Every structure is written in structure tokens, then in C-alpha cells.
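Predicted model only: the values in this text are computed from it and were never measured.
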Amino acid sequence: MRGSADAPLVVVAAAILDGDGRVLAAQRRRPAHLAGLWELPGGKVEPGERDEDALVRECREELGVVVSLDARIGGTWPGLDGFVLRVWTARVVSGYAPRPLDHAALRWVQPDELLDVDWLPGDEALAAHLEAVLAGDADERPLAGGNVGGAVRVGHTVRRPRGFWSEAVHALMRHARAGRARRAARVRRGRPRA
């Protein structure tokens, strides 16, 4: 069931940090077309449930740990299948080390490696935003508008999820810069994925 225009369905996720500042990523097991991709742990908010309570519940069910939520990251992010995503930083406060109870695998990612992870479609912008937050970059924020969503301003750059059209847009931008449009945006590629 999808959310209505007034109340979209909400998915919550936790950027769980360890004592060394690394972020926990969880590898999807299903559905088949998303298997092997990575996400932040979390899940759907049930009707009548607060976002924060849902996230604590989801971490307990998916990882076998209790988390304490810290700060909200950005605003509301576009999610898959019409969902919206809300994200918090969090820390494990009870339980053993997180275990992949509902995922294929877990891994701890250094903040400067966040853009190297093969995230779910659209989550690259969230990863860029999280990287900036963890680096203490005060000049970053999600950008509204556009046809795709997920664009994030980080310092003097704009980062957005890649799509099938990205190479054509990048070629057009490089062509414009090579001609007379010297003020056209410069394409910068993220680090290659591992």
C-alpha cells in the first residue's frame, strides 16, 4: 500500500556510528533486484508509531541491538517505491555487536569511504550528505526541486544520484565549458565504487 499525497509512507534509517566514527551499512538480501546493494539499517513506520520509536524497533529487529538516536540528518529524502526516508545518527547502547538478522551482511564504513559503497538507487546523495555532516561541513543541505530529487549542496558543490541519463548530461556540460559557457558547472565524478 502506498501513502496518499497527504501522508506518504515513511521509512526511517539509522546512521549507526561506532567509537571510531565509522558508519554501519547493511547489505540487502531481498528483493532480488536490490539484493547485494547497501543501505542504512531501518524500516517502515507503522500507523500511529512515532518515527523515532519505529527506528529503535527496526534496529532491534534487524540487528539485535538497542540504539539511542542522536541528530536528524537533513530533511526528508526521496525513497524507493514512493516512500520518503528520514535518517538519524545513532549509537548502540545495549546488546552485543550488531548482527545481520535480516540482511546478507553488515560492514563498518569510514566516513571518507561513504561514496565508495554500492548504495541503493538514489542513496548516493544521502551518503554525500552524511559524509559532509560527519566531516563537520556546516555549508551543506538537501536541495528541493528537479525531476529526480536527492540533490545535496556540499560546500560549493552539488551532488546528486546518477541515472541512465547522467553520462549524456555530463557530456553536454563538458561541451558547454569547452565552448563559450565558461561559467557552466564543472562535472566532478565521485570516487569509483569498490
Single-linkage hydrophobic cluster V109~V67, side-chain heavy atoms < 4.5 angstrom: no
Joint cluster assignment, V11 & L130, ILVMFWY side-chain distance < 4.5 Å: yes
Cluster link L55 to V84, ILVMFWY, side chain under 4.5 Å: yes
Shortest non-hydrogen contact between W88 and D70, atoms and distance: CD1-O, 4.0 Å
Can you list, pair by pair, the side-chain donor-acceptor contacts under 3.5 Å of residues 14-25, counting residues two or more places apart and other chains?
from, atom 1, to, atom 2, distance (Å)
D18, OD1, D20, N, 2.9
D18, OD1, G21, N, 3.0
D18, OD1, R22, N, 2.8
D18, OD2, R22, NE, 2.6
D18, OD2, R22, NH2, 2.7

Side-chain donor or acceptor of W119 paired with backbone N/O of L114 under 3.5 Å: yes
R107 vs V117 side-chain heavy atoms within contact, under 4.5 Å: yes
same_hphob_cluster(L126, V45) at 4.5 Å side-chain heavy-atom cutoff: no
CG on L9 to CD on E46, rounded to 0.5 Å: 10.0 Å
Euclidean distance, Q27 CD relative to L34 CG, rounded to 0.5 Å: 11.5 Å
Partner set under side-chain hydrogen bond (donor to acceptor under 3.5 Å, both in side chains) for E49, not counting sequence neighbours: R57
Value rounded to 0.5 Å, distance of CG in L37 from NE2 in H33: 9.0 Å
ILVMFWY cluster, V87 and L69 together (side-chain gap under 4.5 Å): no
Residue list, side-chain contact (heavy atoms from CB on, under 4.5 Å) with P47, at least two apart or on another chain: none
Evaluation steps, side-chain contact (heavy atoms from CB on, under 4.5 Å), between V133 and H129: CA-CA 6 Å; V133 168; H129 188 75; 4.0 Å; yes
Spacing of L85 atom CG and L40 atom CG [to the nearest 0.5 Å]: 7.5 Å
Main-chain N/O of G42 paired to E62 side chain as donor or acceptor, under 3.5 Å: yes
For V65, the option from V56, V92, V93 that meets side chain to side chain contact (heavy atoms under 4.5 Å, CB included): V92
Partners meeting side-chain hydrogen bond (donor to acceptor under 3.5 Å, both in side chains) with R50 (sequence neighbours left out): D53
Please tabulate, for side-chain N and O atoms in residues 96-104, each donor-acceptor pair with protein atoms closer than 3.5 Å (sequence neighbours left out).
from, atom 1, to, atom 2, distance (Å)
D102, OD1, R30, NH2, 2.8
H103, NE2, E39, OE2, 2.7

Any residue meeting side-chain contact (heavy atoms from CB on, under 4.5 Å) with A171, in chain and number order, not counting sequence neighbours: R174
Exam field: side chain S68 to backbone R91, donor-acceptor pair closer than 3.5 Å: no
Set of side-chain contact (heavy atoms from CB on, under 4.5 Å) partners for L172, sequence neighbours left out: none
Residue pair L106 / A26: nearest heavy atoms and the distance that separates them: CD2-CB, 3.7 Å
